[in-house]
Protein chains: 2
Amino acid sequence: MATIKDIAKRAGVSISTVSYALNGSPKVTNETTEKILAVAKELNYIPNAAARSLKTRETKIIGIFLTDFSGAFYGDLLQGTKELLVRKGYELIVCSGKQSRWMLPERMIDGAIILDVTFDSEELIRYADRGHKLVVLDRELTHPNINQVLLDNKAGATLATEHLIEEGHRKIYAVTGPSGSFDSKQRLHAVMQVVERTAGITLAIIEGDFNKEGGEHAAKRIMAEHADGQAAAAVFCFNDEMAIGMMNYIAEHHPETRVGEHIHIVGFDNLELAAYSQPRLTTIDYSKRKWGALAAEQLVKLISGAEVENERIYVTLMKGKSVGTA
Amino acid sequence: MATIKDIAKRAGVSISTVSYALNGSPKVTNETTEKILAVAKELNYIPNAAARSLKTRETKIIGIFLTDFSGAFYGDLLQGTKELLVRKGYELIVCSGKQSRWMLPERMIDGAIILDVTFDSEELIRYADRGHKLVVLDRELTHPNINQVLLDNKAGATLATEHLIEEGHRKIYAVTGPSGSFDSKQRLHAVMQVVERTAGITLAIIEGDFNKEGGEHAAKRIMAEHADGQAAAAVFCFNDEMAIGMMNYIAEHHPETRVGEHIHIVGFDNLELAAYSQPRLTTIDYSKRKWGALAAEQLVKLISGAEVENERIYVTLMKGKSVGTA
DNA sequence: TTGTAGGCGTTATCAA
DNA sequence: TTGATAACGCCTACAA
């Protein structure tokens, strides 16, 4: 492993000259710079990240912390994050699990994006107190070193609920996420607001889990309550994954029940998968890529010491065929 | 940021004693160890990863390089990798894109698992030549510092093809992956072997891309060739993603054509998504979790200097409802 | 324009 | 059992 020392010796200059030349400093003659670069190539020189960051106190790496690697949901978000970071000269690494959290305090990463409910807010604040920069996507946290980029859950849930109401549905089921989820709480709150200000609407809340299983369980219960087959059910699943689970359950166990006709479903997220569902799921859409890119941008600003305001990701209603008129 | 120096001063001992104590060396009295630990806690001491790895020349981090973050496919694999690594005292980071490759030569990671066709084999060999340890999941590479953990493509493709033949199909379409894919090549080779040694089978090869689009294009072509509706088509899609794309295309454009009856499809991978397809896709199954775990295990062994043999992941035929008798 | 030298925070080799 | 001290590879005043 060649070091700048080796290059210096070989090129007949001092190590500081090598360092300057390698970093493109104008203090060194073009001539010597070229010579040094040539020697570096010849020696297969590769800088040592540890040594560099020991000195500079930065790694140019950003970490994003996810609850798990299951993915279906994260693809575009990660892509968006990555693209922006690369443009800003940073690298992205994806981490998951409690064990990897040391990377932040030990300065292996220059900052982190958090999308992991299992990460305690207290722990995050501790890190922020120590000067680490964070962007959170899944909670509200006020701290000078923390910025939030949250989905506009209120708008999304309102759009979804109002859509069901406009189509003439009077009894609405809301299938929530797990109890700890911030997004789920916000969505439920918005749903309840809409219901309260609209006359003649009944709301039934079913606790879900943001997974397919949750949608299946909810489907089971809803189908049981509508066993007589007279009234159509209208359901707002707080994410697409559960909506898909619900549609799959219905297709399998109640083939005579048609989504969009006997049961009406709206989701949230507009997963790629939702586009392939039969019928196409009506859902709340937003740009996951933009979400990731914005989070990254905020983090980079935070690291550079700039003041940043919290941001919001806007959502729209994406009409499919899973909701029909009552 | 407290350092061991600060702790030494505060505890009235030398920095080497602190270092030993922090690393649980038996050379230090319990008494002083306790005292040092107490001071460390009091000072909120956090070790500095850069300094440590500058000295130890290791980071205890393993990187896995993927072509993209799209995920659907990788979830379990990453989970399996992660679990094993954590058990062995390593951390896993997920990387993608050319830019992140510096992490290997600059020793930011102790080794890498490669599942990224865009990573040139020559580049990998260069790294291996420099002493870096690698495990490749998507190609064959013989080098003392590189280990392979490959799918048993031959067995899988043979199982799939023979299944179609056993069900009485005589004309078989093979929808391949992109031309650069090692897995695709191996699968195609196996398919051709089966066809050659079985009388009366015709094989049509359609180049795909391992994405849904590839499946759709292939579906279009196959449906056109079977426009008369007389002969049923039998298709082996080289991965589930294409098989799903094919099924979706058919459901959308040829609702009268029933998969498992008028067209017979077998996939490869047994994605979670395949379990939700209608009808359930017949496919080749293998444990993605085990694949990841085995790759990690091999890499850890390689790093520890042990001799390791290349490994293979065994596959089985998972019968669904997408293939029926001719 | 180039060289000297100190230091970043640890580990590890010697002595004591 | 503990303490000096020299690396590890790089950056950066400051000096020449």
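Values below: all heavy atoms of this structure, side chains included; hydrogens, waters and symmetry mates excluded. Predicted model, so just to flag it, every value in this text is computed and none were measured. Within every chain, numbering begins at 1; the chains are lettered A, B, ... in the order of the sequence lines, protein sequences first and strands thereafter.
Salt bridge A:Glu58/A:Arg52: absent, no basic N to carboxylate O contact under 4.0 Å. B:Lys301 has no carboxylate O lying under 4.0 Å from a charged side-chain N of B:Glu307, or vice versa, which leaves the two without a salt bridge.
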**Request:** Please step through salt bridge (Lys or Arg N to Asp or Glu O under 4.0 Å) for the pair A:Glu83 and A:Arg289, ending with a clear verdict.
**Result:** CA-CA 9 Å; A:Glu83 281 165 14; A:Arg289 175 174 297 254; 2.9 Å; yes
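Counting to the nearest Å, the P atom of C:dG9 and the CE atom of B:Met1 are 10 Å from each other. Atoms CD1 (A:Ile36) and C1' (D:dC11) sit 15 Å apart, rounded to a whole Å. Atom NZ of B:Lys27 is separated from atom P of C:dA12 by 10 Å (rounded to the nearest Å). Note: CD1 (B:Ile7) to C1' (D:dG3) measures 17 Å, nearest angstrom. Rounded to whole angstrom, the span from the CG atom of A:Asn23 across to the C1' atom of C:dT2 amounts to 16 Å. For B:Lys9 and C:dG9, the NZ to P distance is 12 Å, given to the nearest whole Å. When the C1' atom of D:dT2 is taken as reference, atom CG of B:Leu22 falls 16 Å away, rounded to whole Å. Remark: P of C:dT4 and CD1 of A:Ile4 are 14 Å apart, rounded to the nearest angstrom.
Using a 4.0 Å heavy-atom criterion, one finds that A:Ser19 contacts the bases of the nucleic acid, with or without backbone contacts as well.
Of the residues in residues 42-59 of chain A, A:Leu54, A:Lys55, A:Arg57 come within less than 4.0 Å of DNA chain C through at least one heavy atom, sorted by number.
Between its two ends, the helix from C:dT1-D:dA16 to C:dA16-D:dT1 turns its axis by 40°, counting five pairs per end and rounding to 10 degrees.
Between the side chain of A:Lys60 and the backbone N or O of A:Gly89, no donor-acceptor pair lies under 3.5 Å.
For B:Tyr20, whose side chain is taken as the heavy atoms from C-beta onward, the closest listed nucleotide among C:dT13, C:dT4, C:dT11 is C:dT13. Checking D:dT2, C:dT10, D:dC11 against every side-chain atom of A:Ile15, the shortest atom distance belongs to D:dC11.
The phosphate of C:dT1 (OP1 or OP2) has no side-chain N or O of A:Thr32 nearer than 4.0 angstrom. The side chain of B:Thr17 places an N or O atom within less than 4.0 Å of a non-bridging phosphate oxygen (OP1 or OP2) of D:dG3. A sub-4.0 Å separation between OP1 or OP2 of C:dA12 and a side-chain N or O of B:Ser16 is absent.
With B:Tyr286 as the aromatic partner, B:Lys288 meets the cation-pi criteria of under 6.0 angstrom to the ring centre and within 45 degrees of the ring axis. Cation-pi contact between B:Arg101 and B:Phe119: present, with separation from the ring centre below 6.0 Å and deviation from the ring axis of at most 45°.
When each of A:Leu115, A:Ile113, A:Val94 is tested with A:Leu78 by the rule side-chain contact (heavy atoms from CB on, under 4.5 Å), just one qualifies, namely A:Val94.
The distance from the CD1 atom of A:Ile146 to the NE2 atom of A:His132 is 11.5 Å, given to the nearest 0.5 Å.
Between the side chains of B:Asn211 and B:Glu241, not a single donor N or O lies within less than 3.5 Å of an accepting N or O.
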